[in-house]
Amino acid sequence: MYTAHTDRYADMPYRRTGRSGLKLPALSLGLWHNFGPDRPVDTQRAILRRAFDLGVTHFDLANNYGPPPGAAESALGEALKADFAPYRDELVISTKAGYLMWPGPYGEWGSRKYLLSSLDQSLTRMGLDYVDIFYSHRPDPETPLEETMGALHTAVQQGKALYVGVSNYSPEQTREAARILADLGTPLLIHQPRYSMLDRRPEETGLLDTLDELQVGSIVFSPLEQGLLTGRYLDGIPADSRAASDSPFLNSDRITEDLVRQLRALDDIAGSRGQSLAQLALAWVLRGGRVTSALVGASSPQQLEDSVAAIGNLEFSDEELARIEAVVKA
């Protein structure tokens, strides 16, 4: 029987999400890649246990996480039943809907029918009565935003979600979503964009400024740029890496000589701070408090521990930030 560490809240910083009452750990665990039937169940459960023992109270999912789609939610459901039933009220569990889940015209995007049906399926897979955060995973170009946001509002009214969020929305779409939700009486809690030292779109498009203005929280995915910022590619492409497998999320064409030079230079900066490259990358997205939380994946408890160690040094000097900018923009 699993018993959580009594000091699990000793070190992890928790940040208020926008203007809400909800605080999230600076690092949250994403179940995007490493939770499904192709991974040992014991390893999956060990990662979740270690995360909670380290103060990572937020587990982030989506209906399509696996593979196959739905597998990550099912895996979490088994772990919740086996290990975390006594701790449900200490956990923040989020899921999303927007990508393809079943055939036909009602199996993806942002219609009311799809979103609420998907949420019911997600709750069944996880064995939960409610999720803490339910997201629209991507904007639907053909469904009125009022319908999509109305479905999120209904999920809250039904008691199946406590808060709602959006992911992959532009600043303009985010602003309109927040307006619609405010009129309905269900505030927009959080936005989940992709953001890293190598992917600056939330800065360049003004999304972070928009979230600051709206007082909406943010939780960023791929802060390690699909593994590029973990140090695995400092000497090229390892045979067992994601890039070597020609993953749809990272392929070998991305690993150029110029990129490797950048990664080595960033690794030197990390070393001068007493950090690994991954820890530097996580600390960078969390710098200054603009980002509420950063999502990390893990294939082992040890990998998770390395990521969580980033919280030991989240401060940057102006010189360090300038060195990073010079490397990234070279």
Side-chain angles (χ1 to χ4, degrees), residues 1-5 8 12 22 24-25 27-102 115-137 155 159-165 167 189-190 192 219 221-222 249 293-305 307-308:
M1 175 66 71
Y2 166 67
T3 301
H5 285 186
R8 57 191 175 276
M12 177 64 66
L22 183 68
L24 292 178
L27 292 175
S28 298
L29 180 63
L31 279 68
W32 184 5
H33 288 304
N34 295 307
F35 289 80
D38 61 335
R39 307 285 176 149
V41 172
D42 288 347
T43 300
Q44 296 176 45
R45 287 180 60 186
I47 292 168
L48 292 167
R49 290 172 172 178
R50 190 63 183 134
F52 191 54
D53 285 342
L54 291 170
V56 178
T57 54
H58 178 206
F59 299 157
D60 178 80
L61 301 100
N63 57 358
N64 65 328
Y65 288 178
E73 290 179 330
S74 296
L76 180 64
E78 292 300 316
L80 291 174
K81 183 168 56 177
D83 295 328
F84 295 100
Y87 306 105
R88 173 62 183 101
D89 291 337
E90 297 182 50
L91 292 170
V92 174
I93 298 172
S94 60
T95 197
K96 314 175 195 73
Y99 287 92
L100 182 64
M101 280 299 291
W102 60 86
L115 290 173
L116 295 177
S117 297
S118 178
L119 178 56
D120 285 342
Q121 294 177 20
S122 293
L123 293 174
T124 297
R125 283 190 288 267
M126 291 186 283
L128 295 174
D129 296 323
Y130 70 95
V131 291
D132 296 275
I133 307 170
F134 182 47
Y135 289 86
S136 168
H137 205 167
K160 295 177 181 178
L162 301 185
Y163 301 92
V164 299
S167 181
L189 173 80
I190 194 166
Q192 187 173 133
I219 180 167
F221 70 92
S222 295
F249 305 106
S293 184
L295 280 165
V296 295
S299 58
S300 69
Q302 295 74 28
Q303 189 179 66
L304 178 68
E305 290 168 0
S307 293
V308 170

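All residue numbers refer to positions in the sequence shown, counting from 1. Keep in mind that what you see is a predicted model, and the values were worked out from it rather than measured.
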Donor-acceptor contact present, side-chain Asp53 to main-chain His5, <3.5 Å:
yes
Is any side-chain heavy atom of Arg49 less than 4.5 Å from a side-chain heavy atom of Pro301?
no
Any idea which heavy atoms bring Ala71 and Pro37 closest together, and the distance?
CB-CD, 3.7 Å
Given ring pair (Phe, Tyr, Trp, His ring centres under 6.0 Å), test Phe52 with Phe59 step by step and report yes or no.
CA-CA 9 Å; Phe52 191 54; Phe59 299 157; 7.3 Å; no
If you define the side chain from C-beta out and look only at heavy atoms, does anything of Ser167 sit under 4.5 Å from Phe221?
yes
Could you tell me which non-hydrogen atom of Ser118 sits nearest to which non-hydrogen atom of Trp102, and how far apart they are?
N-CH2, 4.0 Å
Is the backbone N or O of Pro25 less than 3.5 Å from a side-chain atom of Ser293, with the two atoms forming a donor-acceptor pair by type?
yes
Decide yes or no on side-chain contact (heavy atoms from CB on, under 4.5 Å) for Leu22 and Ile133, but give the supporting numbers first.
CA-CA 10 Å; Leu22 183 68; Ile133 307 170; 4.3 Å; yes
Find out whether Ile219 and Ser28 are in side-chain contact, i.e. whether some heavy atom of one side chain is under 4.5 Å from a heavy atom of the other.
yes
Could you check if a side-chain atom of Arg8 sits within less than 4.5 angstrom of a side-chain atom of Glu90, using non-hydrogen atoms only?
yes
Do we get Arg88 above Tyr130's six-membered ring, with its NZ or CZ under 6.0 Å from the centre and within 45° of the axis?
yes
Would you check if Ile190 and Leu24 make a side-chain contact, meaning some heavy-atom pair closer than 4.5 Å?
yes
For the residue pair Gln303 and Gly297, what are the closest heavy atoms and their distance?
OE1-O, 4.0 Å
Sub-3.5 Å donor-acceptor pair from the side chain of Asp60 to the main-chain atoms of Ser94, do we have one?
no
Counting neighbours of CG on Asp129 that are heavy atoms of other residues, nucleotides or ligands and sit closer than 6.0 Å, is the number greater than 12?
no
Closest approach of Met1 to Ala82 (non-hydrogen atoms, all atoms of both residues):
SD-O, 4.4 Å
Sort out for me which residue in Leu162, Asp132, Val131 forms a side-chain contact (heavy atoms from CB on, under 4.5 Å) with Val92.
Asp132
Do the side chain of Glu73 and the main chain of Tyr65 share a donor and acceptor less than 3.5 angstrom apart?
no
Answer whether the closest heavy-atom distance between the side chains of Asn63 and Arg125 falls below 4.5 Å.
yes
Within-4.5 Å side-chain heavy-atom neighbours: Val41 and Glu78:
no
Which pair of non-hydrogen atoms, one from Gly55 and one from Met12, has the smallest distance, and what is that distance?
O-CG, 3.6 Å
If you compare all heavy atoms of Phe35 against all heavy atoms of Ile47, which two are closest, and at what distance to 0.1 Å?
CZ-CG2, 4.0 Å
side-chain contact (heavy atoms from CB on, under 4.5 Å) with Leu29: of Leu48, Thr57, Val308, only one passes, and it is Leu48
Is there side-chain contact between Phe84 and Leu76, with at least one heavy-atom pair below 4.5 Å?
no
Ignoring hydrogens and angles, tell me if any N or O in the side chain of Tyr135 forms a donor-acceptor pair with the backbone of Gln192 under 3.5 Å.
no
Is a donor on one side and an acceptor on the other found under 3.5 Å between the side chain of Lys96 and the backbone of Phe134?
no
